[in-house]
Novice: 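Provided herewith is a single structure, encoded as structure tokens, for subsequent inquiry.
This one's a predicted model, so the numbers in the text were calculated from it and none came from an experiment. Chain letters run A, B, ... following the sequence lines, proteins first and then strands; every chain starts at 1.
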2 protein chains.
Amino acid sequence: MMSEETKSDRVREQVAERAAAPSKAAQTRSAILDAGRAFLERHPFRELTVGNLMAATGYSRSAFYQHFNDLHGLMEALLDEVKGGIVEGAQPWLSGDGDPVASLQESLTALVDVGHEHGSILRAVSDAAPSDDRLEHVWHSFLGSFDVIVAARIAEDQERALTPEFDPMPVARALNRMDAGFLIQAFGSVEKSDKDDVLAAIMRVWLSTLYPFDPTVSIDGREH
Amino acid sequence: MMSEETKSDRVREQVAERAAAPSKAAQTRSAILDAGRAFLERHPFRELTVGNLMAATGYSRSAFYQHFNDLHGLMEALLDEVKGGIVEGAQPWLSGDGDPVASLQESLTALVDVGHEHGSILRAVSDAAPSDDRLEHVWHSFLGSFDVIVAARIAEDQERALTPEFDPMPVARALNRMDAGFLIQAFGSVEKSDKDDVLAAIMRVWLSTLYPFDPTVSIDGREH
DNA sequence: ACTAACTCTGACATGATGTCAGAAGAGACC
DNA sequence: GGTCTCTTCTGACATCATGTCAGAGTTAGT
């Protein structure tokens with residue numbers, strides 16, 4: 001989960017036996033992260049520059065490079081903060097215990113919550129990713145890891161005949177891109193969509209795709 | 001559909017009464033577009049630079065600016081080339097005539113075909129968009145226009161009780177983000193996914209979401 | 001108070017961008 | 001074929017953000 005390596009990180013490792021808690025470094029690092037979060041709450045990533053970021057912290061521009069390799073390194077760190085919440089929220093369904101439908105609903109609710117809370121970060125990361133090799137790899141790996149475990153989870157329910165037969169991997173990919181794209185579109189900018197609408201839509205698609213037999217899911221056709 | 005304005009465009013308008021077909025301009029413009037397409041077939045947008053692009057054409061770097069405002073302008077032009085095909089391919093279902101399920105299958109097939117053919121362009125545009133105000137607006141408007149017409153189309157079939165009742169707009173958004181994200185992921189880089197797998201997955205999600213009652217769609221649960 | 005490591009800073013080199021004035025080229029007209 | 005005019009291309013330039021580096025300032029241990 002740790003992401004970046006920084007000069008001072010490497011140096012500190014070399015001398016690691018010594019002092020264990022060099023507080024000042026972590027302190028300004030946090031200040032930078034805070035400034036980044038604040039900035040991205042109101043502006044798109046393309047307007048973020050090392051200059052204006054550090055202006056907001058009171059430190060010099062070059063101080064930035066003691067804590068991050070570049071702006072994409074900063075984004076990687078911000079993403080790490082969010083990753084955990086997403087993985088955790090997805091557990092109910094992914095773990096495979098309990099009622100599939102109910103636990104999927106639970107997981108999707110958690111996912112939408114995280115998206116709603118950290119929308120600007122997710123948007124910024126996905127905006128920043130295409131301009132950097134490394135960040136792009138991190139971001140795609142993150143999404144890709146979900147593809148694998150979602151596909152596995154689908155396969156389970158196919159064995160139990162709860163889910164129709166189909167190649168799980170491409171469907172998992174499709175559903176995951178939907179989540180990412182839709183959440184970022186809905187919660188990525190200043191005017192966020194209504195959380196319940198988003199949840200309802202995502203839930204409908206997942207449920208009708210994976211559990212079309214389930215009577216809870218079904219799908220009142222308004223007449224007949 | 002016309003996108004960019006270029007110095008020579010504006011100039012040409014001012015002097016428009018005069019000569020009507022100055023061929024040389026359009027010719028080198030095409031050469032640049034060709035070089036761009038070729039480059040993006042093999043490299044990500046972030047590696048595209050006015051310098052290396054024009055090196056491939058044999059013209060000077062500054063010649064580029066007679067034909068496009070910047071690299072994002074080039075991307076806008078490349079996108080315009082693809083837009084038409086997508087809109088056209090989507091017609092069968094969007095028009096609302098004929099069997100909904102069959103025409104949706106037709107439209108999705110066409111969409112996947114376009115995605116497969118122009119994957120690298122779509123990927124490049126979506127990569128380039130976040131770093132430019134204008135291109136981002138064009139790209140999001142493009143996607144957004146589909147949200148509107150897809151939502152309208154869904155509403156129609158809800159009136160005919162072919163589709164379950166739900167708020168069409170968010171579901172349309174979700175499905176469209178899925179298409180965009182999944183197609184770009186599948187066909188955006190050098191190693192493309194299998195076209196049929198992609199089509200099967202997209203089709204399954206759309207059909208189970210929109211036409212869960214249809215017996216054609218259903219959804220063999222492999223046993224019982 | 002002294003030393004050593006840690007942290008920050010100003011100055012610099014680099015690389016891509018977009019502009020501009022003028023050179024080269026192409027076509028029309030005599 | 002020569003000249004004129006408009007079009008297209010080019011080299012040189014200014015700008016801007018980046019990332020590096022050597023050294024100044026700061027902190028803490030002894």
Novice: How long is the line joining CZ of A:Phe68 and P of D:dT20, in whole Å?
Specialist: 15 Å
Novice: Considering only D:dC9, C:dT9, D:dT18, which nucleotide approaches the side chain of A:Ala63 most closely?
Specialist: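 Per side-chain heavy atoms of A:Ala63, the pick is C:dT9.
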Novice: Between D:dT10, C:dC8, C:dT17, which nucleotide has the shortest distance from any of its atoms to the side chain of B:Val50?
Specialist: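 Given the options D:dT10, C:dC8, C:dT17, the side chain of B:Val50 is closest to C:dT17.
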Novice: What contact category does A:Leu48 fall into here, base, sugar-phosphate, or nothing, at under 4.0 angstrom with non-hydrogen atoms?
Specialist: nothing
Novice: Does a side-chain N or O from B:His67 land closer than 4.0 Å to OP1 or OP2 of D:dC9, or not?
Specialist: yes
Novice: A:Asp70 CG to D:dA17 C1': how many Å, rounded?
Specialist: 13 Å
Novice: Of the options C:dG10, C:dT17, D:dT10, whose atoms approach the side-chain atoms of A:Ser62 most closely?
Specialist: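 Looking only at side-chain atoms, A:Ser62 lies closest to C:dG10.
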Novice: Whole-Å distance between C:dT7 P and A:Phe64 CZ?
Specialist: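 Distance, rounded to whole Å: 16 Å.
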Novice: Looking at the side chain of A:Tyr65, which of D:dG11, C:dG18, D:dT20 is the nearest nucleotide?
Specialist: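 So the side chain of A:Tyr65 is nearest to D:dT20.
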Novice: Over all strands shown, is B:Leu53 touching base, sugar-phosphate only, or nothing at heavy-atom distances under 4.0 angstrom?
Specialist: nothing
Novice: Without decimals, in angstroms, what is the distance between B:Asn69 CG and C:dA16 P?
Specialist: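 Rounded to the whole Å, the gap is 21 Å.
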Novice: Using only side-chain N and O atoms of A:Thr28, determine if any of them is under 4.0 Å from OP1 or OP2 of C:dC8.
Specialist: yes
Novice: Is the closest basic N to carboxylate O distance between B:Glu117 and B:Arg37 below 4.0 Å?
Specialist: no
Novice: Is the ring pair B:His72/B:Phe45 parallel, tilted or perpendicular, if the boundaries are 30 and 60 degrees?
Specialist: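 Plane angle between 30° and 60°, so tilted.
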Novice: Taking only Lys NZ, Arg NE, NH1 and NH2, and the carboxylate oxygens of Asp or Glu, determine whether B:Asp179 and A:Arg177 approach each other closer than 4.0 Å.
Specialist: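 Salt bridge: no.
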Novice: Just N and O in the side chain of A:Thr49: are any of them under 4.0 Å from OP1 or OP2 of D:dT18?
Specialist: yes
Novice: For a 4.5 angstrom cut-off between non-hydrogen side-chain atoms, does A:Leu199 reach A:Lys195?
Specialist: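 A:Leu199 vs A:Lys195: side chains apart.
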Novice: When the ring centroid of A:Phe142 is compared with that of A:His137, is the distance short of 6.0 Å?
Specialist: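 Ring centroids of A:Phe142 and A:His137 are no less than 6.0 Å from each other.
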Novice: Rounded to the nearest Å, what distance is computed from the OH atom of residue B:Tyr59 to the P atom of nucleotide C:dA23?
Specialist: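 It works out to 21 Å between those atoms.
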Novice: Atom CD1 of B:Ile32 to atom C1' of D:dT8: distance rounded to whole Å?
Specialist: 11 Å
Novice: Figure out the CG/C1' separation between B:Leu74 and C:dT17, and round it to whole Å.
Specialist: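 Atom-to-atom, B:Leu74 to C:dT17, this comes out as 15 Å.
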Novice: Please state how far atom CD in A:Gln66 lies from atom P in C:dA5, giving the value in whole angstrom units.
Specialist: 17 Å
